[in-house]
Undergrad: 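Have a look at the structure that comes next, please.
Letters A, B, ... are given to chains in the order of the sequence lines, protein chains preceding strands, and every chain is numbered from 1.
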Amino acid sequence: MRAFTYERAGSSQAAAAAAAAAPSAKFIAGGTNLLDLMKLQIEVPTHLIDVNPLKLDRIEPTQEGGLRIGALVRNTALASDERVRRDYGVLSRALLSGASGQLRNRATTAGNLLQRTRCPYFYDTAQPCNKRQPGSGCSAIDGFSRQLGVVGVSEACIATHPSDMAVAMRVLDAKVETVKPDGATRTIPAEELHRLPEASPHLETVLERGELITAVTLPKPVGGTHIYRKVRDRASYAFALVSVAAIVQRDGSGRVALGGVAPKPWRIEQAEAELPRGAKAAAAALLDGARTTKDNAFKLPLVERTLGAVLSEARG
Amino acid sequence: MNRRDLMAAAGACAALPLTQGGARSQPAPAGKPVKAEVSFTVNGRKHALDVDTRTTLLDALREHLHMTGTKKGCDHGQCGACTVIVDGQRINSCLSLAVMHPDAEITTIEGLGTVENLHPMQAAFVKHDGFQCGYCTPGQICSSVAMLDEIEAGIPSHVTSDLTVSVTLSESEIRERMSGNICRCGAYSNIVEAITEVARTRA
């Protein structure tokens with residue numbers, strides 16, 4: 001790990017201003033991803049701003065009948081919240097399918113959204129990686145790519161976003177609230193938070209320099225059957241090969257988003273129009289334009305089958 | 001430079017005391033070690049430390065406080081050997097900085113029981129042979145003690161079938177909830193038996 005200076009944030013705006021002022025500052029909350037990457041010198045901040053003192057750890061009802069989840073609410077606390085379990089089951093399920101008990105006790109809501117890919121070449125500093133070192137090339141496209149993306153990927157990068165929680169947030173139409181260094185606040189729909197890699201995979205979100213996530217809001221509950229189905233190489237404590245977050249209504253209509261296949265939670269409007277016609281049609285819409293490697297081509301049939309299993313579970 | 005030399009170099013560096021809340025460490029020339037103060041309670045005893053900001057909670061326990069019961073396995077949050085209980089919750093001490101825990105109440109394996117008076121979970125691990133080499137054991141025991149508290153608090157898991165009713169203890173619940181603790185000797189079935197016995201006694 002490289003040396004860094006450290007401060008505890010006094011307020012959200014002060015934290016954002018401090019992050020913008022320092023040459024390469026990072027916020028630290030749970031630390032479960034950042035410290036891992038700092039030990040490997042993939043992340044090399046010279047200044048850390050500890051946001052844990054900020055009072056952003058509450059889950060409160062909104063005026064619109066939804067929930068405002070503080071950026072620092074831990075994954076365990078969010079998954080266990082009675083309102084989330086009752087009204088947003090897909091979110092509880094997604095959180096509980098990720099990481100381990102120890103990690104969920106520390107990992108935060110905002111940190112989970114901002115976690116970096118687990119592409120093996122991003123982690124291997126001896127290999128080229130356009131995300132880690134822009135312009136160096138992508139080792140994954142012709143490399144070991146079993147875990148990697150099939151849609152939304154580019155010539156420059158086929159990394160996936162590793163979060164389960166973010167997939168559920170996407171299907172719930174969550175919104176991200178932020179504060180900028182000058183104190184201005186804004187609301188970013190979950191679908192707009194993450195960028196596609198295109199030619200610059202090192203740019204992962206639309207957040208500006210110093211901008212701090214303060215909360216994630218969920219709209220009023222939409223009812224329906226909530227399912228998060230995750231397919232992975234072992235039964236627990238592994239990243240998704242394919243995951244499906246779904247909210248299915250009694251008439252067969254619903255919403256669906258995929259994890260494990262794209263650089264961001266993957267939700268396509270056309271696929272939801274096809275949902276009442278079944279998994280084959282919906283999967284085809286979700287995977288339109290897919291670009292696979294020898295190692296990850298299996299994900300195309302796996303998406304269709306996982307979606308099929310979800311729809312049959314929803315029918316009961 | 002090895003790690004001990006680095007710590008010695010860090011010790012020679014001037015430091016600005018870090019107070020609770022809104023404080024910052026002294027800015028340092030690029031790449032030079034930076035020190036900061038933090039105090040927390042470990043197993044009922046308060047400690048004040050002056051550490052390199054890079055020091056993980058795990059290294060603070062082992063290298064500064066010389067409490068080597070907590071083990072370093074992967075040092076990347078994958079194996080669970082470093083599990084300790086902080087303010088009632090189990091965490092990976094390797095993925096947390098010491099300076100991030102002002103005023104925390106930390107329990108390590110040394111604080112759960114003594115040789116003369118084992119914690120019930122320690123006794124159950126001995127009785128059921130819940131280990132072979134023993135390296136993952138402190139983490140397994142800290143994790144399982146806090147895990148049973150999580151079940152008691154009604155926290156659901158990936159294998160909990162109904163999110164809206166209280167959790168029922170079962171072997172699959174224990175296995176799922178302990179998946180963050182890896183045992184390379186493969187003592188899992190005996191670990192599950194040990195935890196099950198303690199859970200039944202507590203219930």
Undergrad: Identify the residues of residues 150-161 of chain B whose heavy atoms come closer than 4.5 Å to a heavy atom of chain A, ordered by number, or report 'none'.
TA: B/Glu150, B/Gly154, B/Ile155, B/Pro156, B/Ser157, B/His158, B/Thr160, B/Ser161

Undergrad: Between B/Thr83 and A/Gln102, which heavy-atom pair has the shortest distance, and what is it?
TA: OG1-NE2, 2.9 Å

Undergrad: Say whether, by atom type as modelled, one donor and one acceptor occur between the side chain of A/Lys39 and the main chain of B/His76 under 3.5 angstrom.
TA: no

Undergrad: With a 4.5 angstrom heavy-atom cut-off, could you sort out which part of A/Leu95 is near chain B: side chain, backbone, both or neither?
TA: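 Contact with chain B is absent: no heavy atom of A/Leu95 under 4.5 Å.
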
Undergrad: Measure A/Ala107 against the heavy atoms of chain B and call it side chain, backbone, both or neither at under 4.5 Å.
TA: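 Neither part.
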
Undergrad: Please identify each residue that fulfils side chain to side chain contact (heavy atoms under 4.5 Å, CB included) with A/Arg2, with sequence neighbours left out.
TA: A/Gln41, A/Val44

Undergrad: Looking at B/Asn181, B/Leu97, B/Thr164, which has the largest count of heavy-atom pairs under 4.5 Å with chain A?
TA: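 That would be B/Leu97.
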
Undergrad: Are the side chain of B/Thr53 and the backbone N or O of A/Phe4 linked by a donor-acceptor pair below 3.5 Å?
TA: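 Side chain of B/Thr53 to backbone of A/Phe4, a donor-acceptor pair under 3.5 Å: yes, one is there.
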
Undergrad: Tell me the closest heavy-atom pair linking B/Leu163 and A/Gly89, and the distance in Å.
TA: CD1-O, 4.0 Å

Undergrad: Heavy-atom distance under 4.5 Å between the side chains of B/Asn92 and A/Leu103, does that happen here?
TA: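 B/Asn92 reaches A/Leu103 side chain to side chain.
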
Undergrad: Quick one: does any side-chain atom of A/Arg106 pair with a main-chain N or O of B/Ile91 as donor and acceptor, under 3.5 Å?
TA: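 Such a contact is absent between A/Arg106 side chain and B/Ile91 backbone.
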
Undergrad: Taking all non-hydrogen atoms of both residues, which atom of B/Leu95 and which atom of A/Thr32 are closest, and how far apart?
TA: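 Residues B/Leu95 and A/Thr32, closest heavy atoms: CD1-O, 3.2 Å.
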
Undergrad: Show the nearest heavy-atom pair for residues B/Glu176 and A/Ser236, with the distance to one decimal.
TA: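 Looking at all heavy atoms of both residues, the closest pair is OE1-OG, 2.8 Å.
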
Undergrad: Has the side chain of A/Tyr6 got a donor or acceptor atom that lies under 3.5 Å from a matching backbone atom of B/Val99?
TA: yes

Undergrad: Of the backbone (N, CA, C, O) and the side chain (C-beta and beyond), which part of B/Asp162 lies under 4.5 Å from a heavy atom of chain A, both, or neither?
TA: backbone

Undergrad: Side chain from CB out, backbone as N, CA, C, O: work out which of these in A/Asp36 comes under 4.5 Å of a heavy atom of chain B, or both, or neither.
TA: both

Undergrad: Who wins among B/Arg177, B/Met100, B/Gln78 for the most heavy-atom pairs under 4.5 Å with chain A?
TA: B/Met100

Undergrad: Hey, which of A/Gly30, A/Ser80, A/Ser100, A/Ala77 has the most heavy atom pairs under 4.5 Å with chain B?
TA: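 Ranked by heavy-atom pairs under 4.5 Å with chain B, first place is A/Ser80.
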
Undergrad: Counting heavy atoms not belonging to A/Arg83, are there more than 12 under 6.0 Å from its CZ?
TA: yes

Undergrad: With no hydrogens and no angle check, is any side-chain donor or acceptor of A/Asn105 less than 3.5 Å from a backbone partner on B/Arg90?
TA: yes

